[in-house]
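Owing to the predicted nature of the structure, the values given are computational and were not obtained by experimental measurement.
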Amino acid sequence: MNKQTIKGSEALLEALLNEGVNTVFGYPGGQAIPIYDALYDYKSRINHILVRHEQGATHAAEGYARVSGKVGVCIVTSGPGVANTITGIADAMMDSTPIVVIAGQVAADMLGTDAFQEVDVIGVTQPITKWAYQIRNADEISWAVARAFYIASTGRPGPVVLDVAKNAQLSQTVYKPVKINYIRSYIPFTDINQEKIEEAAALINSAKKPFALVGQGVILGNAETELLDLLRRADIPAASTMLGLSALPSAEPLNTGMLGMHGNVAPNLKTNECDVLIAIGMRFDDRVTGDLNTYARQAKIIHFDIDSAEINKNVKADIAVIGNVKATLPAVTKLLDKNEHRTWLNEFYELYSKETEKIINKEIFPKEGDITMGEVVHQVSEATGNNAILVTDVGQNQMSGVRYFKYKQSRSVVTSGGAGTMGYGLPAAIGAKFGAPDRTVCLFCGDGGLQMTVQELGTIMQYGVNIKIILLNNNYLGMVRQWQELFWQQRYSETEMHNPDFVKIASAYNISGKCISRREELDAAVREMLNTQGAYLLEVRVTPKGMVYPMVPAGANITNIIWN
């Protein structure tokens with residue numbers, strides 16, 4: 001289409017097509033009706049997924065983006081519609097997830113009058129977006145959409161909001177495709193500083209006990225191969241943040257596990273023993289560092305990151321290598337000596353063996369008692385050949401999921417990191433399936449988080465979304481209960497839950513399901529779930545007061561580990 005006069009609502013859809021969009025998630029309403037009326041004629045080119053709540057639209061867009069590597073898109077109406085997206089927008093901002101939220105708005109001549117369903121969208125969303133812009137004229141639409149996608153997807157990715165006044169949707173415009181790859185005031189990529197590259201390489205070459213911390217920046221930069229090249233060249237043990245999981249295959253010998261509060265013992269202890277700490281695409285979150293005053297004080301720190309704002313924000317770097325790790329990692333690798341750190345790496349293996357004996361085997365291979373979360377996660381992962389996408393909600397189900405699920409390929413973990421958003425799991429799993437339709441999607445959730453967005457079972461029903469929902473039901477808000485047990489004198493205030501029959505609820509949405517409570521039922525139930533065509537809800541009654549160990553108390557030294 002070239003220089004054709006069309007409505008602004010049609011121009012909006014043409015602009016989305018120009019960005020390669022073929023799937024959007026949304027929920028119509030009064031101020032977005034012109035957009036949805038235009039969608040009626042675009043059904044063959046844009047697949048619109050009608051969610052059941054606008055929060056679900058944003059999380060679905062996030063899940064889609066996380067597994068596909070594309071920008072997730074959702075469309076909502078004004079007022080309460082766009083207000084319901086705030087949680088998802090904040091979540092995407094914290095986790096560097098590229099989404100574009102398109103909201104209807106009252107006509108430009110009514111702005112500021114407190115018109116029906118008017119909300120100051122820009123004022124509300126500006127602090128939690130990379131860019132928020134109000135379109136008041138149809139002629140701005142093509143430019144604004146192109147700019148939104150460029151900003152959302154480049155540099156450190158994140159959410160963008162477009163607030164589209166109703167008059168802009170209805171009025172005529174001469175549509176012309178726009179492609180933006182430069183904005184004067186926005187510099188997503190900086191030039192590589194060769195001096196810093198050389199300094200980083202020299203420091204790594206001199207290290208006796210190097211240790212790499214792998215963050216989601218590796219996945220966002222599509223730098224998994226470049227990461228492995230560097231690690232293998234210099235024989236460097238590595239561990240991942242929660243969002244960095246699957247950047248390295250679980251079976252990679254240099255992969256020593258997960259960092260952080262419920263991470264593996266060896267990475268946490270060895271952080272405070274290494275002589276060179278190499279942070280790659282991670283932001284030194286407090287759940288990874290614990291007490292900053294005692295964090296890696298003995299180590300020289302190299303920080304690779306695309307966002308200069310992260311340098312020295314929490315942890316002071318001795319060498320900062322700013323840029324896309326897709327480019328900076330191979331630049332350093334070229335200068336590295338072929339090295340070997342077998343003695344150092346074996347120290348990680350020895351600690352992992354100890355953790356396996358004291359914690360892991362008891363969790364995934366219990367000999368008696370109630371079913372544990374860890375054994376369910378392990379069983380499902382094994383049954384999928386470790387090839388599935390793991391989606392989690394937030395809480396004990398999340399920590400058990402990321403600890404015991406295994407990965408063979410990248411973009412296999414979809415979970416809420418920085419915001420810790422309960423209710424994220426179900427809609428994110430829906431988005432993940434649309435983003436990777438050929439992969440098995442396994443959602444692990446708790447009884448609390450599932451009920452926050454349980455209405456999205458309706459979306460699954462309407463579109464036949466084939467996801468496998470594993471409900472780890474302990475009839476508690478499990479993670480809060482764990483903290484109450486450990487740090488609040490077992491005062492279980494408002495964490496016990498009286499729950500409905502979840503299998504009946506699933507059945508009401510034409511979703512197959514089963515509830516089990518005995519260990520001898522687990523294997524057959526998992527196989528039935530995976531072999532069933534379409535969505536399936538497997539409710540597993542797990543031990544009511546189970547704990548996720550190991551655990552580093554919030555704000556403590558990361559070596560202050562509670563084993564059990």
Side-chain angles (χ1 to χ4, degrees), residues 87 90-97 127-128 156 158 211-220 238-245 247 256-274 277-299 301-318 320 392-396 398-403 413 415-422 424 478-480 482-484 486-488 547-563:
T87 297
D91 191 280
M93 189 67 175
M94 289 287 279
D95 288 351
S96 303
T97 305
I128 53 170
R156 180 178 180 173
F211 183 31
L213 313 184
V214 178
Q216 190 190 197
V218 171
I219 297 170
L220 295 172
S240 299
T241 65
M242 185 171 69
L243 294 188
L245 289 170
T256 66
M258 184 176 75
L259 300 157
M261 179 176 281
H262 291 283
N264 293 104
V265 171
N268 283 334
L269 290 180
K270 294 304 177 184
T271 295
N272 278 11
E273 294 179 27
C274 64
L277 191 68
I278 309 159
I280 306 172
M282 55 88 72
R283 59 186 178 85
F284 290 111
D285 175 73
D286 60 282
R287 289 295 171 97
V288 165
T289 64
D291 180 10
L292 286 170
N293 294 317
T294 59
Y295 182 78
R297 306 299 291 179
Q298 80 296 336
I301 295 175
I302 304 169
H303 193 174
F304 290 80
D305 208 286
I306 200 168
D307 185 359
S308 60
E310 291 299 336
I311 305 298
N312 300 328
K313 186 179 82 174
N314 294 328
V315 174
K316 180 171 173 45
D318 294 279
T392 81
D393 206 84
V394 168
Q396 288 182 320
Q398 177 185 39
M399 293 300 109
S400 294
V402 295
R403 277 185 60 81
V413 181
T415 192
S416 173
T421 303
M422 286 182 69
Y424 172 94
M479 188 56 80
V480 181
Q482 176 164 333
W483 281 49
Q484 288 172 335
L486 292 175
F487 312 118
W488 294 90
M547 306 286 274
V548 182
Y549 290 121
M551 180 180 186
V552 177
N557 185 315
I558 55 167
T559 62
N560 183 16
I561 297 170
I562 302 172
W563 286 74

Next on the checklist: Could you check whether atom NZ of K313 has more than 12 heavy atoms from other residues, nucleotides or ligands sitting under 6.0 Å from it?
Outcome noted: yes

Nearest atoms (heavy-atom pairs only) where [X] meets [Y]:
X    : Y    : result
I280 : A212 : CD1-CB, 4.3 Å
C274 : Q298 : O-NE2, 2.8 Å
W483 : A554 : CH2-CB, 3.7 Å
V548 : S400 : CG2-OG, 3.8 Å
M399 : M242 : CE-SD, 3.5 Å
V288 : Y295 : O-CE1, 4.1 Å

Quick one, [X] and [Y] - any side-chain contact, counting heavy atoms below 4.5 Å?
X    : Y    : value
R156 : R283 : yes
Q398 : D393 : no
L243 : V413 : no
T241 : L213 : no
F284 : I301 : yes

Checklist entry - In terms of side-chain heavy atoms, does N557 have a donor or acceptor partner in T559 at a distance below 3.5 Å? => result yes

How many angstroms lie between atom [atom1] of [X] and atom [atom2] of [Y], to the nearest 0.5 angstrom?
X    : Y    : atom1 : atom2 : result
L292 : D286 : CG    : CG    : 8.0 Å
R403 : Y549 : CZ    : OH    : 12.0 Å
I302 : D318 : CD1   : CG    : 8.5 Å
I562 : M261 : CD1   : CE    : 9.5 Å
K270 : L277 : NZ    : CG    : 13.5 Å
D291 : N293 : CG    : CG    : 4.5 Å

Item to check | Chi angles and distances behind the side-chain contact (heavy atoms from CB on, under 4.5 Å) call for M479, H262 | outcome: CA-CA 11 Å; M479 188 56 80; H262 291 283; 3.7 Å; yes

Item to check | Listed partners of S240 passing side chain to side chain contact (heavy atoms under 4.5 Å, CB included), at least two apart | outcome: V214, L245

Checklist entry - Excluding sequence neighbours, so at least two apart, what forms side chain to side chain contact (heavy atoms under 4.5 Å, CB included) with W563? => result V265, K354, E355, K358, I359, I561

Kindly say whether [Y] contributes a backbone atom to a donor-acceptor pair with the side chain of [X] at under 3.5 angstrom?
X    : Y    : answer
N272 : R297 : no
H303 : M282 : yes
D91  : A419 : no
S96  : G158 : no
D307 : A309 : yes

Checklist entry - Where do L486 and M551 land on the side-chain contact (heavy atoms from CB on, under 4.5 Å) test, with the steps shown first? => result CA-CA 10 Å; L486 292 175; M551 180 180 186; 3.6 Å; yes

Item to check | Test log, rule side-chain contact (heavy atoms from CB on, under 4.5 Å), inputs V552 and R287 | outcome: CA-CA 9 Å; V552 177; R287 289 295 171 97; over 6 Å; no

Next on the checklist: For T421 and T87: C-alpha separation, side-chain torsions, deciding distance, then whether side-chain contact (heavy atoms from CB on, under 4.5 Å) applies.
Outcome noted: CA-CA 8 Å; T421 303; T87 297; 3.5 Å; yes

